Undergrad: 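This structure is in structure tokens; I'll ask about it shortly.
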Amino acid sequence: MSLCLVALCVISGCGNPPPLDPPSPYALVQEESSQQSVQAVDQSAINGAQFNRFFPTTDGDYSRVYTQEKQGFAEAKLKQEDMDIAMLSISDTLSNPAARDKFTASKKTIAGFPAVNQGSTGTAILVRDRYQVKVLSRSETFTSENRESWLIKFDLDGLAKLQ
Amino acid sequence: MSKKVIFELVDQLPTNNLTIRALKTLDRVIPGEWENTVGFDNTIRVVTGESDPALIQAIGERAVVLFNDKSQGYQNALWLYQKVDEADKALGTAILANKLSDKVPLMGWVSRLTPRAQKAQTIDLSIKLVVELVAFCQINGIPGDSIGDFVQSLSDYSGESLMRLTALICFDGLIPLGPHFLSSVTETLTNLPPKELTANPVFNRVQNLIPGQNPASKLAFMGESFEATQGWISDFTRDRALTPEKVADNLKTFIDFTEDKLDYLGALLDVSTNYYEHTGIQTLARRLIERAFAET
């Protein structure tokens, strides 16, 4: 009997169970997007290969390296003397309509297109209410002015005609 | 560790274990290229340079959605990275247990491993290179057998991707196969009967994603991939004056081994590290986050 009491004391005296971790901030989106029917990319989104020709050309000590190409998305690195200074991208907002919301509230325009600064490293424009063209700084010396000057180097008129 | 919840995978990446210590010995080979970035939100902050919590959340959510869509290829890439390391453990265990022992070893560094073990390590190296190519295309797009594009992209490899290639060359090439590992792979792939490929545990785990209708055509693809990349590997090794001795000396900072056990060091690394999966998850996270921020 005393041995049982001792065992009980030991068991109950093992301490309180550790507090449960708070749920991840991504728990909800994980649950929602894990459903088999959920697709990240709209089936009508433009193939990323069709975006490539609208990217800025480069010369001098700048170079452009394509890095990603998926349906609805194309991305390239902008390098200066082999240093990564920015990421250039075009994406089809059919796949992520919420991305258009930020342009609605903005009075900014670039080359006549609705534009926003995003965070401290991004500047984006929306072409024909569908294609998001974005430049993201990857170097501290690549400023918002630099981002805007590279945004207008895209063939935006050509992109606007893309069906 | 959950195998398929991307933010959990990145959150649970270790900050210090044998894998990390082994990779850090390669800092001397590619100084300043690799930081062991762990944690999902932390990786978003590091990749993007942003710190606003709402923006971090939005980017993270888009990354989770992209990963969970199987058609986007990210889960295939993760599977490849994980399967390679799982098969590595089986191979390394077999070698350490001398299960692949054969007759008396031949003379010379390359032949310290028994011929069967050497062949197994050679095939393992070439399959890993093919897996790197296939995983690259699953993550970044580009047609699955566009070797030319992949070779071009190698020159732009940096960070965790470059660390993975460096570890491949040092731990899976130089250490087990010696300074002539490149010619060893060429010779093996040239003379290997396709049916022997199907007996290889690494190949068996990843073969579905290797381009080719049958073992013979998959073997041809492996040979073609290797031939295309060996120029880059050769230049990389030469430019950094990499030798088995140099790599082994760096490892001696935390692994105690003697010269006569060097031939088993490659197997030991196979068993006790998962550098491919570790850096593969970091590469995957980076690419997802880059795309997620661009699309947000």
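All values derive from a computational prediction rather than experimental measurement. Throughout, protein chains are lettered first and strands after them, A, B, ... in sequence-line order, and every chain is numbered starting at 1.
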Undergrad: Just checking, is any N or O donor in the side chain of A/Q39 or B/S71 under 3.5 Å from an acceptor N or O on the other one?
TA: no
Undergrad: With chain A, which of B/G60, B/G73, B/S51 has the greatest number of heavy-atom pairs at distances under 4.5 Å?
TA: B/G60
Undergrad: Return the option, out of B/T48, B/D11, B/I139, B/T296, with the maximum number of heavy-atom pairs under 4.5 Å with chain A.
TA: B/T296
Undergrad: Does any heavy atom of chain B fall under 4.5 Å from the side chain of A/E140, the backbone, both, or neither of them?
TA: neither
Undergrad: Which bit of A/T93 is near chain B, if near means a heavy-atom gap under 4.5 Å: side chain, backbone, both or neither?
TA: neither
Undergrad: Examine whether an atom of B/D156 lies under 4.5 Å from a heavy atom of chain A, and if so say whether it belongs to the side chain, the backbone or both; otherwise answer neither.
TA: both
Undergrad: Is A/V41 close to chain B through its backbone or its side chain, or both, or neither, when contacts mean heavy atoms under 4.5 Å?
TA: both
Undergrad: Closer than 3.5 angstrom, by distance alone: can the side chain of A/Q30 be matched with the main-chain N or O of B/V5 as a donor-acceptor pair?
TA: no
Undergrad: Let's go through A/S33 and B/V64 carefully: what are the C-alpha distance in whole Å and the side-chain angles of both, what is the deciding distance for side chain to side chain contact (heavy atoms under 4.5 Å, CB included) to 0.1 Å, and is it a yes or a no?
TA: CA-CA 8 Å; A/S33 61; B/V64 169; 3.9 Å; yes
Undergrad: When you compare the side chain of B/R291 with that of A/E75, does any pair of heavy atoms fall below 4.5 Å?
TA: no
Undergrad: Is a side-chain donor-acceptor pair under 3.5 Å present for A/E69 with B/N140?
TA: no
Undergrad: Is it the case that the side chain of B/E295 and the backbone of A/N96 share a donor-acceptor pair, with hydrogens and angles ignored and the cut-off at 3.5 Å?
TA: no
Undergrad: Report which part of B/I59 has an atom under 4.5 Å of a heavy atom belonging to chain A: side chain, backbone, both, or neither.
TA: neither
Undergrad: Looking only at heavy atoms, what is the nearest atom pair of A/A27 and B/F7, with distance?
TA: N-CZ, 4.4 Å
Undergrad: Determine whether more than 12 heavy atoms belonging to other residues, nucleotides or ligands lie under 6.0 Å from atom CZ of A/R100.
TA: yes
Undergrad: Under 4.5 Å heavy-atom distance to chain A, tell me which part of B/R62 shows up: side chain, backbone, both or neither.
TA: side chain
Undergrad: Please check if any side-chain donor atom of B/D41 sits under 3.5 Å from a side-chain acceptor atom of A/Y26, or the reverse.
TA: yes
Undergrad: Set out, in order, the CA-CA distance, both residues' side-chain angles and the distance that settles side chain to side chain contact (heavy atoms under 4.5 Å, CB included) for B/N68 and A/V38, then state yes or no.
TA: CA-CA 8 Å; B/N68 285 341; A/V38 173; over 6 Å; no
Undergrad: Mind checking whether A/F73 and B/Q72 have side chains closer than 4.5 Å, heavy atoms only?
TA: no
Undergrad: Among A/D84, A/L136, A/V65, single out the residue with the greatest number of heavy-atom pairs under 4.5 Å to chain B.
TA: A/L136
Undergrad: With a cut-off of 6.0 Å (strictly less than), are more than 12 heavy atoms of other residues, nucleotides or ligands near NZ of B/K24?
TA: no
Undergrad: Which atoms of B/F293 are under 4.5 Å from chain A, going by heavy atoms: the side chain, the backbone, both sets, or neither?
TA: both
Undergrad: Closest approach of B/A294 and A/S91, non-hydrogen atoms and distance?
TA: O-OG, 3.7 Å
Undergrad: Is it the case that atom CG in B/D239 sees more than 12 heavy atoms from other parts of the structure closer than 6.0 Å?
TA: yes
Undergrad: Shorter than 4.5 Å, heavy atoms on both sides: which option in A/G122, A/G72, A/A99, A/A98 has the most such pairs with chain B?
TA: A/A99
Undergrad: Which atom pair, heavy atoms only, marks the closest approach of A/S120 to B/G49?
TA: OG-O, 4.1 Å
Undergrad: Which atoms of B/L66 come close to chain A, meaning under 4.5 Å heavy atom to heavy atom: side chain ones, backbone ones, both, or neither?
TA: both
Undergrad: With a 4.5 angstrom heavy-atom cut-off, which part of A/S24 approaches chain B: side chain, backbone, both or neither?
TA: side chain
Undergrad: With side chain to side chain contact (heavy atoms under 4.5 Å, CB included) as the criterion, how do A/K70 and B/Y74 come out once you've worked through the C-alpha distance, each side chain's angles and the decisive distance to 0.1 Å?
TA: CA-CA 11 Å; A/K70 294 284 187 85; B/Y74 303 110; 3.5 Å; yes
Undergrad: Step by step, would you call A/L28 with B/E61 a side chain to side chain contact (heavy atoms under 4.5 Å, CB included)?
TA: CA-CA 9 Å; A/L28 183 58; B/E61 287 182 359; over 6 Å; no
